[in-house]
> 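Here's a structure for you.
Keep in mind that the numbers below use all heavy atoms, side chains included, and drop hydrogens, waters and symmetry copies. In each ligand, atom 1 is the first atom listed, and ligand 1 is the first ligand listed.
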Amino acid sequence: MTATAPVGMSSSAVLGTGRVALVTGASRGIGPLIAREVARAGGHVVLSARSAEDLRAVTSGLTAAGADVSFLPADLTSPGASQALVTEVERRHGGIDLLVNNAGGDPLREFHAMTIEENLRTLELNLVAPVALAHAALGGMLSRGRGHVVNISAMAGRVAFPYTEVYAAAKDGLIGFTRVLRNDYHARGVSASVIILGAIRGSGQGQRMLDEAAMKANAFMAPADSVAKAVVKAVRRDRAEVVVMPGPARLLRAVMDYFPALGPAVSRASGANASMKTIIDLREARQGPRASGLASAGR
Ligand SMILES: NC(=O)c1ccc[n+]([C@@H]2O[C@H](COP(=O)([O-])OP(=O)(O)OC[C@H]3O[C@@H](n4cnc5c(N)ncnc54)[C@H](OP(=O)(O)O)[C@@H]3O)[C@@H](O)[C@H]2O)c1
């Protein structure tokens, strides 16, 4: 496909009647909210995750609310799963206009206490799978001259959030991946946006951690439905990056980018180190030290 779409106009056509979106990580947490918001914009939304039962329940709820949705289970850490998922969505629905790479999670265990294989699974889920899905979907998007990839990233690396070494590497990797993908394919009608999340309340892994430790949400946490709105806004306005964090936290991110050596001091002073260690200790006491791996990531 040669360059046809004017810059800034490429993605407006990926939402609405006749369009197809694939949202990963849509069985629980923030994903169902993203799927609902994308479905509200029109078109068909395919929800994916490992758990068929959870997907069935979410899909039924959305259908009852008038959304045009279906589901396809997939374990994105299995070899070949990303290509197979994209191929099946394309076969059933004729193509993918919007890919939302939302599936992700962190085992929240100390880096040294996990085997290298356990650490690499975090990389597989949070970085390798989004790259593989985008790679698999890109050919169809280019042939139709339209498409948008939205990657859900996190502030973890930017603010040196404790006990997230490999998760932070993956999420920072997604930011770089999105920037270059956008650069290289925008003029051919395919755009990319990254949504960078701080801690999220109301749904998802952050809220579950609070619940486990009987902690309360603080002023730095954004509501889960603001992530869903940010996804649709990023597509409609063709934004390169959207940060979902309450006001003062954005300033913190800018300061931390400028002075990265401040990370450990901020994590200590904000109580993040102590809170996260409390949660790790609680999980290990309840489940045993090997039980909180990626299979139960963010649950
Ligand atoms: N919540 C927060 O505070 C926060 C903050 C920053 C960034 N984020 C990011 O936001 C995204 C959504 O997070 P969340 O809080 O909604 O997480 P969540 O509640 O733990 O949900 C994770 C989703 O990913 C799916 N998933 C996990 N492993 C998978 C695998 N191997 N293959 C396919 N799907 C898999 C899960 O479904 P199954 O278990 O059924 O497979 C689930 O639908 C993630 O990328 C996360 O890193 C969240």
> Going by the atom numbers of ligand 1, which of them fall below 4.0 Å from some non-hydrogen atom of D75?
30 (C), 31 (N), 32 (N)
> Return yes if a side-chain donor-acceptor contact under 3.5 Å exists between S191 and R182, otherwise no.
yes
> With a cut-off of 4.0 Å, which atoms of ligand 1 are near a heavy atom of G206?
1 (N), 2 (C), 3 (O)
> Considering only NZ, NE, NH1 and NH2 on the basic side and carboxylate oxygens on the acidic side, decide whether R253 and E241 come within less than 4.0 Å.
yes
> Please identify each residue that fulfils side chain to side chain donor-acceptor pair (under 3.5 Å) with R91, with sequence neighbours left out.
E88
> Strictly under 4.0 Å, does any heavy atom of T24 approach an atom of ligand 1?
no
> Y167 heavy atoms, cut-off 4.0 Å: which ligand 1 atoms fall inside?
6 (C), 7 (C), 8 (N), 9 (C), 46 (C), 47 (O)
> Given that the side chain starts at C-beta and the backbone is N, CA, C, O, which of these parts of A129 lies under 4.0 Å from ligand 1, counting heavy atoms, or is it both or neither?
neither
> Could you name the option among R50, E53, Q205 that has the heavy atom nearest to atom 17 (O) of ligand 1?
Q205
> Looking only at N/O atoms, are D54 and ligand 1 under 3.5 Å apart anywhere?
no
> Heavy-atom distances under 4.0 Å are what count here, so tell me which part of K171 touches ligand 1: side chain, backbone, both or neither.
side chain
> What part of L125 sits under 4.0 Å from ligand 1 if we count only heavy atoms: the side chain, the backbone, both or neither?
side chain
> Which ligand 1 atoms, with their elements, are less than 4.0 angstrom from a heavy-atom of A103?
24 (O), 34 (N), 45 (O)
> Can you give me the closest heavy-atom contact between S27 and P32, atom names plus distance?
C-CG, 3.9 Å
> Under a 4.0 angstrom heavy-atom cut-off, which atoms of ligand 1 come close to T77?
31 (N)
> Evaluate side-chain hydrogen bond (donor to acceptor under 3.5 Å, both in side chains) for T178 paired with N151, printing each intermediate quantity in order.
CA-CA 7 Å; T178 312; N151 293 317; 3.0 Å; yes
> Which of the atoms of ligand 1 are close to A154, meaning less than 4.0 Å from one of its heavy atoms?
6 (C), 7 (C)
> If the cut-off is 4.0 Å to any non-hydrogen atom of S27, which atoms of ligand 1 fall inside it?
36 (C), 37 (O), 38 (P), 40 (O), 42 (C), 43 (O)
> Less than 4.0 Å is my threshold; does some heavy atom of I152 fall inside it relative to ligand 1?
yes
> With distance as the sole criterion, is a donor-acceptor pair present between the side chains of E118 and T122 under 3.5 Å?
no
> Dump the intermediate steps for side-chain contact (heavy atoms from CB on, under 4.5 Å) on E110 and E165, then the final yes or no.
CA-CA 9 Å; E110 288 196 274; E165 281 84 352; over 6 Å; no
> Would you mind finding which of P73, P32, G198, S51 brings a heavy atom closest to atom 40 (O) of ligand 1?
S51
> For residues V190 and H148, determine if any side-chain heavy atom of one lies less than 4.5 Å from a side-chain heavy atom of the other.
no
> Within the structure, does I30 bring an N/O atom to less than 3.5 angstrom of an N/O atom in ligand 1?
yes
> Any idea which of G104, A26, G29, G204 brings a heavy atom closest to atom 22 (C) of ligand 1?
G104
> Which bit of A156 gets closer than 4.0 Å to ligand 1, counting heavy atoms only: side chain, backbone, both or neither?
neither
> What residues, two or more places apart in sequence or in another chain, satisfy side chain to side chain contact (heavy atoms under 4.5 Å, CB included) together with S275?
M215
> Counting heavy atoms only, which part of A74 comes closer than 4.0 Å to ligand 1: side chain, backbone, both or neither?
backbone
> Near S153, which atoms of ligand 1 are under 4.0 Å from a heavy atom of that residue?
7 (C)
> Any carboxylate oxygen within less than 4.0 angstrom of a Lys/Arg side-chain nitrogen, looking at K171 and D106?
no
> As a check for students: among V100, L76, L174, identify the option with a heavy atom nearest to atom 32 (N) of ligand 1.
L76
> Flag the pair R283 / M209 as yes when at least one side-chain heavy-atom distance between them is below 4.5 Å, and no otherwise.
yes
> Is there a side-chain contact between I175 and I196, using heavy atoms and a 4.5 Å cut-off?
yes
> Report yes if G25 has an N/O atom closer than 3.5 Å to an N/O atom of ligand 1; otherwise report no.
yes
> Apply the test salt bridge (charged side-chain N to carboxylate O under 4.0 Å, His left out) to residues R40 and D68: give CA-CA distance (whole Å), side-chain angles for both, the deciding distance (0.1 Å), then the verdict.
CA-CA 9 Å; R40 271 188 189 147; D68 180 12; over 6 Å; no
